[in-house]
Amino acid sequence: MTILDRSLPQLGDWKTEEDLLILQNAQLGTMLGWAEASPFYRRRFADRPPTDRSGLLAQPFTTKQDLRDQYPFGLLAVDRRELATYHESSGTAGRPTASYYTDADWVDLAERYARKWIGISAEDTFLVRTPYALMITGHLAHAAARLHGATVVPGDNRSLAMPYSRVIRVLHDLGVTLTWSMPTETLLWAAAARAAGHRPGTDFPALRALFVGGEPLSAARRARISELWGVPVIEEYGSTETGSLAGECPNGRMHLWADRAVFEVYDPTTGEVGTSGRGQLVVTPLYRRAMPLLRYNLEDEVEVSDAPCECGWVLPTVRVLGRSAFGYPVGDARVTQQRVEELVYGLPIEYEVLFWRARAETDRLRVEIEAPDEHRSAARSALTAAAEAEYGVPVEVTAVPLGTLVPQHVLTGVHDVVKPRGLFGADEDWDKALLYY
């Protein structure tokens, strides 16, 4: 049975943009009061704490560096006994950013994630194939699925105990109906399914949707994934610091959850801030109790529109550009990942091209694609022609055999994961006594 917190706004609780603004303003005062309990914001406010929207918009941005500087609990606004979970970003850029949530925060998080036009129910078996550990992504999907009564299969993609061969077995044997992963994972599953003797589009009849997020997804790659598996691909956008910020409607457009957060768009070139246009996304969660964030600049490149959507959701739409907006010069052309991806997945599906990589050099674009022997020549010629027509620079496409970019053992291997022990027989490998994996 679906469990919802009716104290939180639900889709359909407003009819117009004016209603949405009233809803936001009604919660802003409470949220700003929570922020006063945070040591970081208390110092920032000094003796003039904001109490309404104008006060909020007078505040400086909260940055990722602020979060790093306040590690671990400088933004904590509740007693630590009230915390339910603690999380960190990957920390690849240096000191990680910490995030923490109360039980009430988790109801808001889980509800936002579950706002999929293909809903989650007790009839579903839900494979969670993103990291658990300190990042929020796996825990978020897990909590949302359980909130709606689904059976969760915790298939952490960072666990050695869950190789691709096991993912395929679980997908097939358990009748998994919904999955959560990065888009690239679904292509790896397709290759692993074929390696196991299965056909992705026909041998997994229970599957009804693939939920994806965590990396930019071009329209061409989305269409290819959907064609391979025969189900809709539904995108999600968020972060460890904020949880889900946007989800997809039945028309395939991403909507910002503006009933649960205030969104702004910042143009770092001009310094202008608005509610729409292209720039960096700035977010103020409205129901974040443990760690309020005021005008948090995610630094993600986005394009936000207030234009109506035929789905009827009175919520702004967003295109997340991310690294797809970043390009490299090749001759007189500018090459972006998104456009190269569109060219690759614009190849006929019969060529069976799933994996590729490219290098933008000063005088040429080099691309490698994997293709079966019988399609390599045709795939190489077609992609070369398409890329040269697109960019007007020399393009060198190499079609390599299957297993070159993604080795076969990655798709079919079963890892030797054992429990630690100290005593071994004479013919056993005792190097795994402590480092047992």
Side-chain angles (χ1 to χ4, degrees), residues 1-15 19-20 22-24 26-28 30-31 34 78 82-85 87 99-124 126 128 130 132 135-152 154 177-180 209 211-214 234-250 253-263 281 283-293 296 298 311-318:
M1 182 175 67
T2 300
I3 304 170
L4 296 175
D5 184 345
R6 288 304 308 178
S7 67
L8 295 169
Q10 307 298 324
L11 288 176
D13 283 355
W14 63 95
K15 302 298 182 184
D19 292 341
L20 188 59
I22 292 169
L23 190 153
Q24 290 179 347
Q27 180 62 20
L28 264 172
T30 299
M31 185 277 299
W34 293 341
V78 299
E82 295 182 46
L83 292 183
T85 61
H87 303 274
S99 295
Y100 18 90
Y101 300 92
T102 65
D103 281 332
D105 292 338
W106 264 105
V107 175
D108 171 44
L109 286 171
E111 283 193 21
R112 277 188 276 143
Y113 177 91
R115 285 177 162 182
K116 305 287 192 294
W117 65 267
I118 289 185
I120 305 170
S121 76
E123 305 298 318
D124 285 307
F126 193 129
V128 179
T130 58
Y132 279 69
M135 286 179 279
I136 197 174
T137 172
H139 303 278
L140 180 57
H142 191 124
R146 289 302 308 129
L147 187 71
H148 289 264
T151 300
V152 176
T177 58
L178 298 171
T179 68
W180 167 236
F211 297 162
V212 300
I234 301 174
E235 198 171 2
E236 165 90 8
Y237 169 62
S239 73
T240 290
E241 298 92 344
T242 63
S244 175
L245 295 174
E248 205 173 295
C249 74
R253 301 180 71 186
M254 293 271 284
H255 289 261
L256 291 169
W257 302 135
D259 62 322
R260 302 285 182 92
V262 174
F263 293 98
L281 189 66
V283 58
T284 301
L286 289 170
Y287 294 89
R288 184 76 177 277
R289 182 72 176 86
M291 184 180 158
L293 290 173
Y296 177 51
L298 285 157
C311 73
W313 292 357
V314 183
L315 292 165
T317 58
V318 61

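Since the model is a prediction, treat every value here as computed from it, not as a measurement.
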query: According to the interplanar angle, ranging from 0 to 90°, do the rings of Phe126 and Tyr113 count as parallel (below 30°), tilted (30 to 60°) or perpendicular (above 60°)?
result: tilted
- request: Evaluate the ring planes of Trp257 and Trp313, with Trp represented by its six-membered ring, and classify them as parallel (under 30°), tilted (30 to 60°) or perpendicular (over 60°).
  value: tilted
query: Do Thr177 and Glu123 have a side chain donor and acceptor closer than 3.5 Å?
result: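 Note: Thr177 and Glu123 side chains miss the donor-acceptor criterion.
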task: Check whether the side chains of Thr317 and Arg253 place a donor and an acceptor atom closer than 3.5 Å, and report yes or no.
output: yes
Any residue meeting salt bridge (charged side-chain N to carboxylate O under 4.0 Å, His left out) with Asp108, in chain and number order, not counting sequence neighbours: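 Salt bridge (charged side-chain N to carboxylate O under 4.0 Å, His left out) list for Asp108, sorted by chain: Arg112, Arg260.
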Which heavy atom of [X] sits nearest to which heavy atom of [Y], and what is that distance?
{"X": "Ala110", "Y": "Ala144", "value": "O-CB, 3.5 Å"}
{"X": "Ala209", "Y": "Ile118", "value": "CB-CD1, 3.8 Å"}
{"X": "Leu140", "Y": "Gly243", "value": "CD2-CA, 4.3 Å"}
{"X": "His148", "Y": "Ala114", "value": "NE2-CB, 3.4 Å"}
{"X": "Ala145", "Y": "Val152", "value": "CB-CG2, 3.6 Å"}
{"X": "Ser239", "Y": "Ile136", "value": "O-CG2, 4.1 Å"}

Measure the [atom1]-[atom2] distance between [X] and [Y] for me, rounded to the nearest 0.5 Å.
{"X": "Thr284", "Y": "Met31", "atom1": "OG1", "atom2": "CE", "result": "5.5 Å"}
{"X": "His139", "Y": "Leu109", "atom1": "NE2", "atom2": "CG", "result": "12.0 Å"}
{"X": "Phe263", "Y": "Leu256", "atom1": "CZ", "atom2": "CG", "result": "4.5 Å"}
{"X": "Thr137", "Y": "Tyr132", "atom1": "OG1", "atom2": "OH", "result": "9.0 Å"}
{"X": "Leu11", "Y": "His255", "atom1": "CG", "atom2": "NE2", "result": "10.0 Å"}
{"X": "Lys116", "Y": "Trp180", "atom1": "NZ", "atom2": "CH2", "result": "6.5 Å"}

I'd like to check [X] versus [Y] (side-chain heavy atoms, cut-off strictly below 4.5 Å). Are they in contact?
{"X": "Tyr287", "Y": "Asp259", "result": "no"}
{"X": "Val283", "Y": "Leu293", "result": "no"}
{"X": "Val314", "Y": "Asp19", "result": "no"}
{"X": "Glu241", "Y": "Pro285", "result": "no"}

- prompt: Any sub-3.5 Å donor-acceptor pair from Gln24's side-chain atoms to Ala258's backbone N or O?
  reply: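 Confirmed, Gln24 side chain pairs with Ala258 backbone.
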task: Examine distances only and state if a side-chain atom of Asp124 and a backbone atom of Leu178 form a donor-acceptor pair shorter than 3.5 Å.
output: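 No, Asp124 side chain to Leu178 backbone: no donor-acceptor pair under 3.5 Å.
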